[in-house]
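Everything below concerns the one structure shown next.
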Amino acid sequence: MSKEKVVLLDGNSLAYRAFFALPLLTNDSGIHTNAVYGFTMMLQNILSEEKPTHILVAWDAGKTTFRHATFGEYKGGRQKTPPELSEQFPYLRKLLDAYEIPQYELDQYEADDIIGTLSKVGEEKGVEVVVISGDKDLTQLASDTTTVCITRKGITDLEKYTPAHIEEKYGLTPEKIIDMKGLMGDASDNIPGVPGVGEKTAIKLLKQFETVEGVYESLDAVSGKKLKENLTANEDQAIMSKKLATIEVQAPITIALDDLSYKGPHEEKVKAIFEELKFKTLLEKMTPQSESIEMHETIEVDIISDGDTVKLADEMAVHVEMKDEKYLSTNVLGVSMTDGHTISYIPIEVLQASKTLTAWFQDESKKKYATDTKATYASLLRYGIETNGFEFDLLLATYIANPSSSYTDVASVAKEFNYHEVESDEVIYGKGAKKAVPEEHVIAEHAGRKVKAVWSLKPKLEEQLRQNEQFDLYHELEMPLAKILGKMESTGVKTDLRILQQIGVELSTRLSELESIIYEMAGQPFNINSPKQLGEILFEKIGLTPIKKTKTGYSTAADVLEKLESEHEIIGFILTYRQLGKLNSTYIEGLSKEIHEDGKIHTRFQQALTQTGRLSSINPNLQNIPIRLEEGRKIRAAFVPSEPGWMMFAADYSQIELRVLAHISQDEKMIAAFREGEDIHTKTAMDVFGVDKDGVSSDMRRTAKAVNFGIVYGISDYGLSQSLNITRKEAGKFIDTYLETFPGVKQYMEDIVADAKLKGYVVTMMNRRRYLPDITSSNFNLRSFAERTAMNTPIQGTAADIIKKAMIDMDARLEAEKMEARMLLQVHDELIFEAPEHEIEKLKEIVPEVMESALQLDVPLLVESAFGLSWYETK
DNA sequence: AAACTCACG
DNA sequence: ACGTACGTGAGTTTG
């Protein structure tokens, strides 16, 4: 008990203090943040200085307290809380929740009384208590066990009031502070006291007479005529003032010290709030990755020189150690393994040379607990080592448990689960230019700590996944997919550099022609790629009317320029220049750099990144190769089969998201439309505009299509008005009509938002979760965004679930059919393959079949496929 | 490093 | 009244 330390904070007082101490800061979203920022600084300071085992933030309850019964004007005349501060209280509460610091308020009582009562409890138990406030009244609570800290100027500077310090400062004992207040009053609380008595006089009187009552018992002995008069005339007021200043130490609180135990912040949540409020410096401080974490336990890692001596078990945690995350090109340093007892580190050459080890890795029945299945599989494959039998994946387990968890390395995840025995990669390898591979024993220990972490975190994560009914999603969908994606990445896509270069030459020629024309029209050369310079030319020199502004100046985005196209002929040239410039830099130059020695591009699919369950593609991104405009689409001609006599084959789901919506919402009309195999946008136009098929104009279909998109995104009238270039009112009308036409959809939208508010998260059909903390935010923007996300995520996420399932089924089917065809890419709703020409007929049959039956919905899934000599030709 | 722009589903 | 469509990655300019 004696080791415990309780810190009690006066929430309102500290918030006020922070608010007035700092200038009125506003972040990008227009929220004032100075009080939250200051409070956070204080809090961090207190946590690191005091290292409390228990902590509480007490809040004032409401407008009236029991003190108002005594004195109606208590705290009267005080200025209303500035709205700029009021709006920050919800964030403070959220912040404290994220720190997992308990908060408490009690009707009719002030924070002081809660703190007073708890400090007395602490005193009785002999526990060390630290009280923190900006209000000197609290100093009356100081005792041998209770220290009261009052903010001095600034925000982190605290003055510590112990009984000794109070004695030194006032010559009084702490409990006399009340008497002092009784006599001198307190302007800020509107406590009257005795006129003419200030701090000096009050102290003098109390030194002589001990208490307020003592003063009145011996009034005659008081020196000074005027003082005596004032005292006499204000006796009742003095007694009342003392009462008002007295902190209640027996408030009927319903919490106990045990409820205040503090285990540290929930780092992820704190980070999320810092991000939300744009606390950049605090965010950076949160990841003190360049600072070495204190390792509590020493571990022993055997560095293996003969692979056949490693003690192998049927289940082991394994980790492939590399100096960065680019496992498709970076060399493997070594592999660490543990069976829960001994830890080994095997340099890659040793692993490669050991038949025993490579056989163990290949053996499906030897279960591997990996930090990252896909990286393990693909990296070892580069050394000719095949890995099978993955049974646990730290990265995927963490991601499925919460897709917003940012997995940077093993240490970051481990920390989330209160496991601190592993260093961050940045500490070991450094960052930026200083990045380097340290000595082998350092790597061995680092990699060893990682497998140890995996071993001990596995039960916790699996338990959580089971509890949330997500184990199947994780174990039967994401885990098998990881290996398949590893295979796809390793296979890569053959890219014809000559085709890229040929397009590049054409582009360069046209770009320099456009450049001359634009300079000519502008009357001067300038950097067309600089929005700043372009804005100056268009809106100042030429004098066009700016339509939209950005944070830093005029917007020159394509949709803005398109509206100006008829105003000046330069606009058209600029738009073309931009379009071709993008193609040249991102796709010609960018992709050319990514072609490996094998003539292929090996993208990496991020499987644990998106908030919805989709994959993403990096280094390079092969999920955004141009298609919409013909000039860009030609880039696809560079993606070709890797073997002579082979072809490219592509298959995509038609309208998968709307089909998912029809199924989830159970909207009868929409289900019927899909069952009848109608063109959904035309059908929507028929229903919304009340015309028959022949009555649907192309404009009506275009509108219906935009509304359908809007519905999937979580509709808003503003968004639709932007995409259709119509007024918000008109857009709103379309939405209303649409929702009347599809009442099931309307119901779904309402239900999903309500459900998200209730539970705090939404799920996909396969139980993928996305937490939406902002859905209850008082900030309109944040809340609206969360609401749209709630509507969109189950749709986009279920579509992602479906194609992932299709990929697993497809991989199995190709294997079962003993086909040579290889799956190469996934682009959200399509799969791209390469195959020998003689297998194309078979693919045309089985790919749609497998994809369409990946998941049974109440509407059919439809897949369209095509093939050709390049990706360009698969249309 | 952040802002802006634009490529994809 | 608020101000945005949902989900990504990458290149260029600029402070």
Side-chain angles (χ1 to χ4, degrees), chain A residues 28-31 278 280 283-284 403 432 526-535 548-561 574-575 578-591 593-594 603-606 609-629 631-633 635-636 652-653 655-657 661 706-707 709-724 728 731 735 770 777-797 799-800 803 825-830:
Chain A
D28 304 342
S29 336
I31 311 161
K278 308 272 182 329
K280 280 164 213 148
L283 251 178
E284 279 162 25
F526 65 101
N527 189 341
I528 308 169
N529 282 321
S530 160
K532 189 170 171 241
Q533 293 181 32
L534 179 59
K548 218 166 52 178
K549 276 198 282 187
T550 66
K551 259 180 252 173
T552 50
Y554 311 110
S555 170
T556 64
D559 63 323
V560 171
L561 296 187
I574 289 167
L575 285 168
R578 279 249 184 96
Q579 188 200 326
L580 301 184
K582 172 86 177 180
L583 292 178
N584 199 39
S585 61
T586 306
Y587 297 103
I588 302 300
E589 292 170 2
L591 288 178
K593 277 185 255 170
E594 300 283 353
T603 186
R604 253 165 57 225
F605 290 106
Q606 303 244 80
L609 183 137
T610 71
Q611 301 302 297
T612 54
R614 276 190 176 180
L615 302 175
S616 91
S617 158
I618 55 168
N619 299 132
N621 182 354
L622 290 187
Q623 288 182 322
N624 71 344
I625 304 301
I627 189 168
R628 292 173 189 167
L629 300 170
E631 276 162 315
R633 191 174 199 160
I635 306 269
R636 295 182 171 223
D652 69 292
Y653 283 108
Q655 306 296 350
I656 188 168
E657 292 191 342
L661 173 62
V707 179
F709 268 98
I711 290 290
V712 169
Y713 292 155
I715 196 94
S716 78
D717 50 7
Y718 187 87
L720 183 64
S721 74
Q722 288 294 298
S723 98
L724 282 176
R728 236 171 68 178
I735 294 166
R770 180 176 188 178
S777 169
S778 55
N779 179 302
F780 176 87
N781 281 334
L782 293 176
R783 191 178 62 249
S784 304
F785 186 58
E787 286 170 357
R788 291 196 297 274
T789 312
M791 299 185 232
N792 170 266
T793 298
I795 302 170
Q796 190 182 119
I803 194 163
L825 296 173
Q826 185 250 47
V827 191
H828 311 307
D829 66 353
E830 66 176 318

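Just so it is clear: chains get the letters A, B, ... in the order the sequence lines come, proteins before strands, and each one is counted from 1. This is a predicted model, so every value here is computed, not measured.
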> Nearest of B/dG9, C/dT14, C/dC2 to any side-chain atom of A/Phe780?
Replying inline: C/dC2
>> In whole Å, I'd like the distance from the CG atom of A/Leu615 to the P atom of C/dG9.
In response: 11 Å
> What nucleotide, of C/dG7, C/dG11, B/dC4, holds the atom closest to the side chain of A/Thr586?
Replying inline: C/dG11
> Across the strands shown, which category fits A/Ser784 at heavy-atom distances under 4.0 angstrom: base, sugar-phosphate, nothing?
Replying inline: nothing
> How far, in whole Å, is B/dA7 from C/dC2 if one measures between their C1' atoms?
Replying inline: 31 Å
> Does the side chain to side chain contact (heavy atoms under 4.5 Å, CB included) test come out yes or no for A/Ile627 and A/Arg636, once each step is laid out?
Replying inline: CA-CA 8 Å; A/Ile627 189 168; A/Arg636 295 182 171 223; 3.6 Å; yes
> Can you check whether A/Gln533 has a side-chain N or O nearer than 4.0 Å to OP1 or OP2 of C/dT14?
Replying inline: yes
>> Less than 4.0 angstrom between a side-chain N/O of A/Arg788 and OP1 or OP2 of C/dT4, yes or no?
In response: no
> Any N or O donor-acceptor pair linking the side chain of A/Arg604 to the base of C/dG9 at under 3.5 Å?
Replying inline: no
>> Counting only side-chain heavy atoms from C-beta out, which of C/dG11, C/dA5, C/dG7 sits nearest to A/Thr610?
In response: C/dG7
>> Please find the pair of heavy atoms, one from A/Ile715 and one from A/Val707, that lie closest to each other, and give the distance.
In response: CD1-O, 4.1 Å
>> Categorize A/Ala790 for me: base, sugar-phosphate, or nothing, with a 4.0 angstrom heavy-atom threshold over every strand shown.
In response: nothing
> Which nucleotide, C/dG9, C/dG3, C/dT4, lies nearest any side-chain atom of A/Gln606?
Replying inline: C/dG9
> For the side chain of A/Arg578 and the base of B/dT5, is some donor closer than 3.5 Å to an acceptor across the two?
Replying inline: no
> So what does A/Gly710 touch, heavy atoms closer than 4.0 Å: a base, only the sugar-phosphate, or nothing?
Replying inline: base
>> So, under a plain 3.5 Å distance rule, would you say the side chain of A/Ser585 forms a donor-acceptor pair with the base of C/dT12?
In response: no
> Is there a side chain to side chain contact (heavy atoms under 4.5 Å, CB included) between A/Ile635 and A/Leu591 once you walk through the steps?
Replying inline: CA-CA 10 Å; A/Ile635 306 269; A/Leu591 288 178; 4.2 Å; yes
> Base, sugar-phosphate alone, or nothing: which one does A/Ala558 contact when heavy atoms must sit under 4.0 Å apart?
Replying inline: sugar-phosphate
> Can a side chain N or O of A/Lys582 be found less than 4.0 Å away from OP1 or OP2 on C/dT12?
Replying inline: no
> With a 4.0 Å cut-off on heavy atoms, is A/Glu657 in touch with a base, just the backbone sugar-phosphate, or nothing at all?
Replying inline: nothing
> Hey, does A/Val712 have a side-chain heavy atom less than 4.5 Å from the side chain of A/Asn792?
Replying inline: yes
> NA contact type, A/Asn624, heavy-atom cut-off 4.0 Å: base, sugar-phosphate, or nothing?
Replying inline: base
> With a non-hydrogen cut-off below 4.0 angstrom, is A/Gln796 in contact with a base, only sugar-phosphate, or nothing?
Replying inline: base
> Looking at C/dT13, B/dG9, C/dA10, which one has an atom nearest to any side-chain atom of A/Asn619?
Replying inline: C/dA10
>> Rounded to whole Å, how long is the line connecting atom CZ of A/Arg728 with atom C1' of C/dA1?
In response: 9 Å
>> Looking at A/Arg614, I'd like to know whether one of its side-chain N or O atoms comes within less than 4.0 Å of OP1 or OP2 on C/dT8.
In response: no
> Taking the side chain of A/Thr789 as heavy atoms from C-beta outward, which of C/dT8, C/dT14, C/dG7 is closest to it?
Replying inline: C/dG7
> Is any side-chain heavy atom of A/Pro626 less than 4.5 Å from a side-chain heavy atom of A/Tyr587?
Replying inline: yes
> Distance between the P atoms of C/dA5 and B/dC6, in whole angstroms?
Replying inline: 14 Å
>> So, does A/Ser617 get its side chain near the phosphate of C/dT8, meaning an N or O under 4.0 Å from OP1 or OP2?
In response: no
> Do the side chains of A/Thr612 and A/Thr789 get nearer than 4.5 Å, heavy atoms only?
Replying inline: no
>> Taking any heavy-atom pair under 4.0 Å as a contact, classify A/Leu583: base, sugar-phosphate, or nothing.
In response: nothing
> At under 4.0 Å, does any side-chain N or O of A/Thr552 touch on OP1 or OP2 of B/dA3?
Replying inline: no
> So what does A/Leu720 hit on the nucleic acid, given a heavy-atom distance under 4.0 Å: a base, only sugar-phosphate, or nothing?
Replying inline: base
>> Going by purine N1 to pyrimidine N3 plus the second Watson-Crick contact, or the G-U wobble pair, all under 3.5 Å, which nucleotide sits opposite B/dA2?
In response: C/dT13
> At their closest point, which heavy atom of A/Glu657 faces which heavy atom of A/Ala799, and how far apart are they?
Replying inline: CG-CB, 4.1 Å
> What is the minimum heavy-atom distance between A/Leu622 and A/Leu825, and which atoms define it?
Replying inline: CD1-CD2, 3.8 Å
>> By nearest atom, which of the nucleotides B/dG9, C/dA10, B/dT5 is closest to the A/Pro531 side chain?
In response: B/dT5
> Does a side-chain N or O from A/Ser530 land closer than 4.0 Å to OP1 or OP2 of C/dT14, or not?
Replying inline: yes
> Got a donor-acceptor pair under 3.5 Å from the side chain of A/Ser723 to the base of C/dA5?
Replying inline: yes
>> Without decimals, in angstroms, what is the distance between A/Gln579 CD and B/dC4 P?
In response: 23 Å
> Where the side chain of A/Phe785 is defined as all heavy atoms beyond and including C-beta, which of C/dA5, C/dG7, B/dT5 is the nearest nucleotide?
Replying inline: C/dG7
> Considering only side-chain heavy atoms of A/Tyr587, which listed nucleotide, B/dG9, C/dT8, B/dA7, is closest?
Replying inline: B/dA7
>> Counting only side-chain heavy atoms from C-beta out, which of C/dA5, C/dT8, C/dG7 sits nearest to A/Tyr713?
In response: C/dA5
> What is the nucleic acid contact for A/Val827, judged by heavy atoms within less than 4.0 Å: base, sugar-phosphate only, or nothing?
Replying inline: sugar-phosphate
>> Rounding to an integer number of Å, can you tell me how far A/Asp559 CG sits from B/dA7 P?
In response: 12 Å
> Looking for any heavy atom pair under 4.0 Å, which part of the strands does A/Ser716 touch: base, sugar-phosphate only, or nothing?
Replying inline: base
>> On the nucleotide C/dT13, are OP1 or OP2 found under 4.0 Å from the side-chain N or O atoms that A/Asn527 carries?
In response: yes
